[in-house]
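Report on one structure; see the data block that follows.
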There are 2 protein chains.
Amino acid sequence: MDSVTRILNIAEVRMRRVGYNAVSFRDIAAEMGIKSASLHYHFPKKENLGAALVQRYSENFMALLNTRTDSITDPAEKIAAFTRIYRDSLGENQMICLCAMLGAENSSLPDGVSTEVRAAIADQINWLARQYQAIGQADPVAAAQTMIALLQGAMIQSGLYGNADPFRAAEKQIASSLNC
Amino acid sequence: MDSVTRILNIAEVRMRRVGYNAVSFRDIAAEMGIKSASLHYHFPKKENLGAALVQRYSENFMALLNTRTDSITDPAEKIAAFTRIYRDSLGENQMICLCAMLGAENSSLPDGVSTEVRAAIADQINWLARQYQAIGQADPVAAAQTMIALLQGAMIQSGLYGNADPFRAAEKQIASSLNC
DNA sequence: GTCTATACGGTGATAGAC
DNA sequence: GTCTATCACCGTATAGAC
């Protein structure tokens with residue numbers, strides 16, 4: 001595995017746990033067993049690392065989303081698959097998704113990172129809105145926004161309590177609203 | 001207005017905008033026109049300031065909540081009043097509520113602050129759960145958790161876009177679900 | 001690619017004068 | 001209560017050797 005990938009992997013775990021501001025080059029380097037100066041060879045500035053991380057995160061997310069929903073035709077089922085990715089992403093450690101964490105931190109992020117966060121969320125909303133439109137939702141974009149808000153808020157709550165109960169409660173509500 | 005109040009006022013605005021970690025004693029002191037050393041007279045450690053801020057925030061919230069809902073008997077109306085406080089709190093500047101911001105940052109917060117955040121959210125959930133129980137919700141706590149998650153997630157989205165559309169979309173969904 | 005060495009500002013915090 | 005002065009640290013970032 002190449003250095004860039006290893007850096008991004010470590011940065012992802014840490015940033016999802018404590019946020020962008022609380023992660024340092026020194027921490028990441030220490031975990032890799034190298035020096036922080038070496039990180040600057042791959043990512044000149046922290047902003048570059050943050051932007052690249054969000055970009056990779058978003059690409060992986062959309063790719064996984066497409067893979068998992070390619071064979072599904074029912075829009076409601078597609079939406080359910082979307083929430084399942086969020087659940088899997090929460091994992092056993094109640095790791096908040098990157099977009100929720102950096103979304104909260106948004107106004108203290110460097111421009112380059114903030115831009116990528118907005119782009120990543122826009123992709124998700126567009127995808128969701130398309131499904132809601134297929135279902136015949138009156139305001140598909142609003143429905144998509146609300147759904148993202150609920151999932152991200154539920155992740156934060158789950159992180160706060162150290163268990164996935166709040167997230168599961170949110171999932172149930174989504175499931176029941178789709179059966180209406 | 002006494003110094004402690006002024007400090008807390010400034011800290012609240014800043015922490016709701018950029019989070020706990022991105023706020024410094026120096027920033028607050030500069031805005032007050034004093035030196036950071038003076039802040040330590042009122043709050044020996046940053047953790048003390050954070051904890052006191054969340055405590056005050058929660059007390060004010062619950063007090064306002066009770067004032068606004070005292071004369072309301074219908075539980076669904078009470079819940080609507082709850083969401084209205086969140087909306088007012090979002091304000092014109094899309095200022096994320098303190099609990100959502102610190103909730104996201106939770107795992108990088110000092111214990112004293114983290115504890116207060118959990119206590120504050122627990123109060124809100126208890127209050128909401130009581131209303132949902134009065135309505136006859138099957139799982140009142142889950143409903144309360146989901147509602148808090150949605151409101152907080154919607155605030156983050158609104159902060160991200162710089163407008164209140166995501167929050168309004170969430171409000172609408174809550175309103176319609178209460179009329180079911 | 002990674003190292004050592006280093007610069008330099010920011011940060012929480014303390015001691016002691018006023 | 002607020003000041004000055006100072007501390008020890010941590011943060012990003014750079015230069016140049018290997």
Side-chain angles (χ1 to χ4, degrees), chain A residues 1-54 56 101-102 105-117, chain B residues 1-54 56 101-102 105-117:
Chain A
M1 196 159 51
D2 68 344
S3 294
V4 168
T5 305
R6 290 179 60 209
I7 294 168
L8 290 174
N9 288 349
I10 295 172
E12 180 174 331
V13 171
R14 297 180 100 94
M15 287 199 185
R16 287 175 60 181
R17 188 154 46 206
V18 300
Y20 178 88
N21 292 309
V23 168
S24 75
F25 271 42
R26 279 205 174 95
D27 292 338
I28 298 172
E31 186 173 335
M32 290 182 69
I34 61 174
K35 297 294 165 185
S36 78
S38 308
L39 287 192
H40 288 279
Y41 170 80
H42 303 284
F43 301 99
K45 312 200 141 204
K46 189 178 179 184
E47 179 173 1
N48 304 132
L49 169 58
L53 179 58
V54 177
R56 186 187 76 159
M101 181 60 87
L102 300 197
E105 280 185 301
N106 180 253
S107 50
S108 68
L109 295 180
D111 281 350
V113 183
S114 174
T115 301
E116 289 300 329
V117 172
Chain B
M1 195 159 51
D2 68 343
S3 294
V4 168
T5 306
R6 290 178 61 210
I7 294 168
L8 290 174
N9 288 350
I10 296 173
E12 180 176 331
V13 171
R14 297 180 101 93
M15 285 199 186
R16 286 176 59 182
R17 189 154 45 206
V18 300
Y20 178 88
N21 292 309
V23 169
S24 75
F25 272 41
R26 282 211 198 359
D27 292 338
I28 299 172
E31 186 172 336
M32 290 182 69
I34 61 174
K35 298 293 166 184
S36 79
S38 309
L39 286 191
H40 288 279
Y41 169 80
H42 303 284
F43 300 100
K45 312 200 140 201
K46 189 178 179 184
E47 179 173 1
N48 304 132
L49 169 57
L53 179 59
V54 176
R56 186 186 78 157
M101 181 61 88
L102 300 197
E105 280 185 301
N106 182 252
S107 49
S108 69
L109 294 180
D111 280 350
V113 183
S114 174
T115 301
E116 290 299 330
V117 172

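All chains are named by letter (A, B, ...) in the order of the sequence lines, taking the proteins before the strands, and each is independently numbered beginning at 1. Because only heavy atoms are used, hydrogens play no part in the values below, and waters and symmetry mates are left out as well, while side chains stay in.
The side chain to side chain contact (heavy atoms under 4.5 Å, CB included) test applied to B/S3 returns B/H42, not counting sequence neighbours. Checked against side chain to side chain contact (heavy atoms under 4.5 Å, CB included), B/A22 has the following partners two or more places apart in sequence or in another chain: A/N21, A/S108, B/V18. For the side chain to side chain contact (heavy atoms under 4.5 Å, CB included) test, residues two or more places apart in sequence or in another chain that qualify with B/P110 are B/Y20, B/E47, B/V113.
For the pair A/H42 NE2 and D/dT12 P, the computed distance is 16 Å after rounding to whole Å. In this structure, the OH atom of A/Y41 is 16 Å from the C1' atom of D/dA15, given to the nearest Å. If you measure from atom NZ of A/K46 to atom P of D/dT14, you get 15 Å, rounded to the nearest angstrom.
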Q.
The test is side chain to side chain contact (heavy atoms under 4.5 Å, CB included); show your working for A/V23 and A/L49 and say whether it passes.
A. CA-CA 11 Å; A/V23 168; A/L49 169 58; 6.0 Å; no
Without placing hydrogens or testing angles, list every side-chain donor-acceptor pair under 3.5 Å for residues 25-32 of chain A, not counting sequence neighbours.
residue: A/D27; atom: OD1; partner: A/S24; partner atom: OG; Å: 3.4
residue: A/D27; atom: OD2; partner: A/S24; partner atom: OG; Å: 3.1
residue: A/E31; atom: OE1; partner: A/R14; partner atom: NH1; Å: 2.3

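Residue pairs meeting the salt bridge (charged side-chain N to carboxylate O under 4.0 Å, His left out) criterion with at least one member in residues 1-13 of chain B, sequence neighbours excluded: B/E12-B/R16, B/E12-B/R56.
At a non-hydrogen distance threshold of 4.0 Å, A/G33, A/I34, A/K35 from residues 9-36 of chain A come into contact with DNA chain C.
Nucleotides of DNA chain C lying under 4.0 Å from heavy atoms of chain A occupy a range whose first and last members, 5' to 3', are C/dG1 to C/dA5.
Of the possible polar contacts, one joining the B/T115 side chain to the B/D111 backbone as a donor-acceptor pair under 3.5 Å is found. In this structure, B/S114 contributes its side chain and B/N106 its backbone to no donor-acceptor pair below 3.5 Å.
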